[in-house]
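Encoded as structure tokens, the structure appears first; notes follow it.
Within every chain, numbering begins at 1; the chains are lettered A, B, ... in the order of the sequence lines, protein sequences first and strands thereafter.
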Amino acid sequence: MSKTTRVRFAPSPTGFLHIGGARTALFNWLFAKATGGKFLLRIEDTDTERSEERFTKDIFESLQWLGLHWDEEPVYQSARFDRYQSIAAGLMAKGEAYRCRCTSAELDAIRAECTKQKRPFRYPGTCREKGITDPGAVIRVRVPRTGETGFTDLIRGPISFKNQDLDDWVILRGNQSPTYNFSVVVDDHDLAITHVLRGEDHINNTPKQILLYRTLGYEVPEFAHLPMILGPDRSKLSKRHGAASTLEYRGMGFLPIALINFLARLGWSHGDQEIFTLNELQAAFSLEHIGKANAVFGIDKLNWMGGKMMELVPQGELFDYLGRYFSVETQFLKDYPKPTVEAGIGIIQGKVKNVLDLIEQLGCLFGEDPVFNRAALKEAEVPSVKEILEGAVAELEGSDFSKGDLESRLRAYAAKKQIKLTPVAQAVRFGVTGGKVSPGLFEMLELQGKERVLRRIALAVEALKS
RNA sequence: GUCCCCAUAGUCUAGAGGCCUAGGACAACUCCCUUUCACGGAGUAGACACGGGUUCGAAUCCCGUUGGGGACACCA
């Protein structure tokens with residue numbers, strides 16, 4: 001039996017957690033769940049210039065909102081500089097690394113020359129044999145000039161690079177802080193990570209890291225590089241493509257399970273199945289069914305998924321969710337008993353695509369009386385709507401306001417007037433909501449209750465008088 | 001430019017040599033249901049990038065071309 005799998009999500013707090021990062025986190029989390037392993041979180045804040053506290057908070061909050069809970073205390077790289085420095089010192093002592101005093105101006109000159117010769121920039125090894133001891137100089141690791149370094153990607157199969165295309169890269173900066181490729185190796189080893197699942201943009205970093213694992217005598221973990229998520233223009237997802245941060249989707253009213261389903265199906269598949277519960281996802285997830293090709297983020301399908309989930313999530317959960325994340329927006333529900341609000345959610349949830357729409361509809365049911373405006377109707381409709389409403393009042397006054405009774409009365413009323421139910425229903429709908437769209441009429445009326453309905457109709461009639 | 005990865009409809013994808021006259025989903029369109037809007041139901045249209053191989057047989061394997069993406073930092 002192989003050892004327990006340990007995976008990690010390792011974002012850098014230099015920006016909000018974007019949707020691509022969220023999916024990387026999700027896949028790691030699912031992989032951990034599917035294999036009975038651990039999911040860890042590591043904050044890669046070695047770049048003290050660009051890292052910000054608020055971004056770390058955003059990452060935590062995004063993952064918590066999605067329900068991707070991590071199993072151990074988060075690790076901050078900024079708290080481990082001593083560790084990286086001592087590993088670097090060990091490398092120096094073994095002659096595997098050396099100090100370099102090339103200035104950025106010198107490096108830029110080389111870079112410019114390379115560009116001119118249409119070659120990629122590679123550090124030429126200027127300081128390799130100089131034996132520099134200046135403690136403020138950067139430290140570079142020695143990379144073999146010949147041979148190749150390869151690995152078997154769990155998603156893509158064998159990938160290999162010629163060592164001559166690599167170079168002696170910097171592991172410790174002038175201020176003795178570690179660079180990404182260095183701290184990743186040390187941390188993944190220290191955390192006993194068994195599988196590294198990350199974006200495809202890291203494939204090129206992998207050989208450098210593997211070489212370092214070997215010179216450090218560390219066991220090399222398995223790697224799986226996920227395809228990227230692209231914007232509608234097929235370029236890397238960025239702010240230009242609308243929502244940049246994961247939490248913005250919460251603000252747009254998407255349920256976390258909707259985003260999770262959508263993200264899971266972006267690059268991964270399970271036959272023809274589109275809708276999954278969290279448990280189903282955890283059980284079905286496997287690396288073999290992750291595709292290799294990049295995927296375009298299409299909001300249409302997310303919207304559809306959003307609607308599906310609004311329908312599937314139980315009323316009680318939606319009620320709690322509103323209280324948790326939209327308490328300000330749903331202040332107007334405060335005085336209603338939970339069962340009443342849940343009943344309201346029940347008649348709306350199948351018709352809306354997201355939480356924002358749900359709140360709006362709940363507002364029609366439980367909020368303040370709408371502002372009735374005759375401009376909401378075609379001018380030609382006004383007289384008949386007004387007349388139907390005036391007549392309907394008498395019918396409704398005698399009702400016990402159960403939806404069955406309401407329906408039979410309004411149908412009878414329409415029959416008496418020798419018109420179809422449609423105009424009656426539309427008139428009453430306007431009279432109660434001020435608009436033309438609502439949940440099912442009779443159940444809505446029942447939920448509103450007699451007093452409120454009659455009051456609103458009176459207001460509507462008043463508004464229609466010219 | 002160099003290196004790496006990728007390539008089924010507008011989009012997400014199924015497909016591991018014959019089960020494919022290529023399946024599902026979103027979006028589009030048509031019709032049905034209907035008290036509105038949705039939902040739901042029934043349909044229509046739409047794809048294996050191209051060229052060579054290998055094979056009795058290729059969407060599936062190999063090579064090339066083209067196209068797309070990514071990486072080329074004292075960012076991660």
Show me the side-chain donor-acceptor pairs of residues 107-119 of chain A shorter than 3.5 Å, one per line, residues at least two apart or across chains.
residue : atom : partner : partner atom : Å
A/D108  : OD1  : A/R111  : NH2          : 3.4
A/T115  : OG1  : A/R111  : O            : 2.9

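Taking atom CE of residue A/M305 and atom P of nucleotide B/C26, one finds them 10 Å apart after rounding to whole Å. For the pair A/K301 NZ and B/A27 C1', the computed distance is 10 Å after rounding to whole Å. Atom pair A/L302:CG and B/U11:P shows a separation of 17 Å (rounding to whole Å applied). Here the C1' atom of nucleotide B/A7 and the CZ atom of A/R156 are 12 Å apart, to the nearest Å. Atoms CG (A/D233) and C1' (B/G67) sit 16 Å apart, rounded to a whole Å. Note: CZ (A/F223) to P (B/G70) measures 22 Å, nearest angstrom. Atom CZ of A/F262 and atom C1' of B/U13 are 12 Å apart (whole Å). With rounding to whole Å, A/W268 atom CH2 is found 19 Å from B/G24 atom P.
Applying the 4.0 Å criterion to OP1 and OP2 of B/A71, one finds that A/K236 has a side-chain N or O inside that range. Distances shorter than 4.0 Å separate some side-chain N or O of A/S269 from OP1 or OP2 on B/A14. Residue A/R411 places at least one side-chain N or O under 4.0 Å from the OP1 or OP2 atom of B/U35. For A/R265, no side-chain nitrogen or oxygen approaches OP1 or OP2 of B/A25 to under 4.0 Å. Neither OP1 nor OP2 of B/C4 sits under 4.0 Å from any side-chain N or O of A/K292. For the OP1/OP2 pair of B/C4 and a distance below 4.0 Å, the side-chain nitrogens and oxygens of A/S160 include no atom meeting the criterion.
Classification of the A/Y249-A/F254 ring pair by plane angle, with boundaries at 30° and 60°, yields tilted.
Among the atoms of the strands shown, none is found under 4.0 Å from any heavy atom of A/D153. Among the heavy atoms of the strands lying under 4.0 Å from A/R140 are primed sugar atoms or P, OP1, OP2 only; no base atom is included. Using a 4.0 Å heavy-atom criterion, one finds that A/R429 contacts the bases of the nucleic acid, with or without backbone contacts as well. Nucleic acid contact class of A/H225 (heavy atoms, under 4.0 Å, all strands): none. Contacts of A/G199 with the nucleic acid, taken as non-hydrogen atoms under 4.0 Å apart, are absent. Residue-level contact check: A/V170 touches the backbone only, with heavy atoms under 4.0 Å from sugar-phosphate atoms and none from bases. Across all strands, A/L441 comes closer than 4.0 Å to base atoms (heavy-atom distances). Within the nucleic acid shown, A/K308 comes within 4.0 Å of sugar-phosphate atoms alone, with no base atom in reach, counting heavy atoms only. Contacts of A/F161 with the nucleic acid, taken as non-hydrogen atoms under 4.0 Å apart, involve only primed sugar atoms and P, OP1 or OP2.
In the set B/U35, B/A76, B/G70, B/U35 carries the atom at the smallest distance from any side-chain atom of A/F442. Checking B/U35, B/A76, B/C4 against every side-chain atom of A/H202, the shortest atom distance belongs to B/A76. When distances are taken from the side chain of A/D201 to each of B/U13, B/G70, B/A76, the shortest belongs to B/G70. Counting only heavy atoms from C-beta on, A/P120 has its side chain closest to B/G1 among B/A27, B/G1, B/G70. Closest contact between the side chain of A/N204 and the listed nucleotides B/C4, B/U35, B/A76 involves B/C4.
For A/F285 and A/F27, the distance between ring centers is under 6.0 angstrom.
A donor-acceptor pair shorter than 3.5 Å can be found between the side chains of A/N175 and A/S177. A donor-acceptor contact closer than 3.5 angstrom links the side chains of A/D187 and A/Y84. For the residue pair A/Q77 / A/S183, a side-chain donor-acceptor distance below 3.5 Å is found, with atom types taken as modelled. The closest side-chain donor-acceptor pair between A/Y180 and A/N205, if any, does not fall under 3.5 angstrom. Under the 3.5 Å distance criterion, with hydrogens and angles disregarded, no donor-acceptor pair is assigned to the side chains of A/R140 and A/T126.
Summarising the base pairing, B/G18 is matched to B/C56 through a Watson-Crick or G-U wobble pair whose two defining distances lie under 3.5 Å. For B/A25, the paired nucleotide is B/U11, the pair qualifying as Watson-Crick or G-U wobble because both relevant distances are below 3.5 Å. With a 3.5 Å ceiling on both atom-pair distances, the Watson-Crick or G-U wobble partner of B/G40 is B/C32. The nucleotide B/C50 finds its pairing partner in B/G64, both defining distances of the Watson-Crick or G-U wobble pair being shorter than 3.5 Å.
Mapping A/D47 and A/V352 onto RNA chain B by nearest heavy atom places A/V352 closer to the 5' end of the strand. Heavy-atom nearest nucleotides on RNA chain B were determined for A/K436 and for A/D167, and the one closer to the 5' end corresponds to A/K436.
Remark: the separation of the C1' atoms in B/G51 and B/G67 is 14 Å, to the nearest Å. When the C1' atom is used for both B/C50 and B/A7, the distance is 12 Å, rounded to whole Å. Nucleotides B/U35 and B/A27 are separated by 28 Å at their C1' atoms, to the nearest Å. B/C19 sits 25 Å from B/U13 when the P atoms are compared, rounded to a whole Å. A distance of about 15 Å separates the P atoms of B/U21 and B/C48, rounded to the whole Å. Rounded to whole Å, the C1' atom of B/G15 lies 15 Å from the corresponding atom of B/C61. A gap of 26 Å separates the P atoms of B/A47 and B/C6, to the nearest Å. The C1' atoms of B/G23 and B/G64 are separated by 31 Å, rounded to the nearest whole Å.
Pairs engaging residues 344-365 of chain A under the side chain to side chain donor-acceptor pair (under 3.5 Å) rule: A/Q315-A/Q349 [sequence neighbours left out].
For B/G24, its base sits under 3.5 Å from the side chain of A/E274 at one donor and acceptor pair at least. Remark: the A/K351 side chain and the B/C39 base include no donor-acceptor N/O pair separated by less than 3.5 Å.
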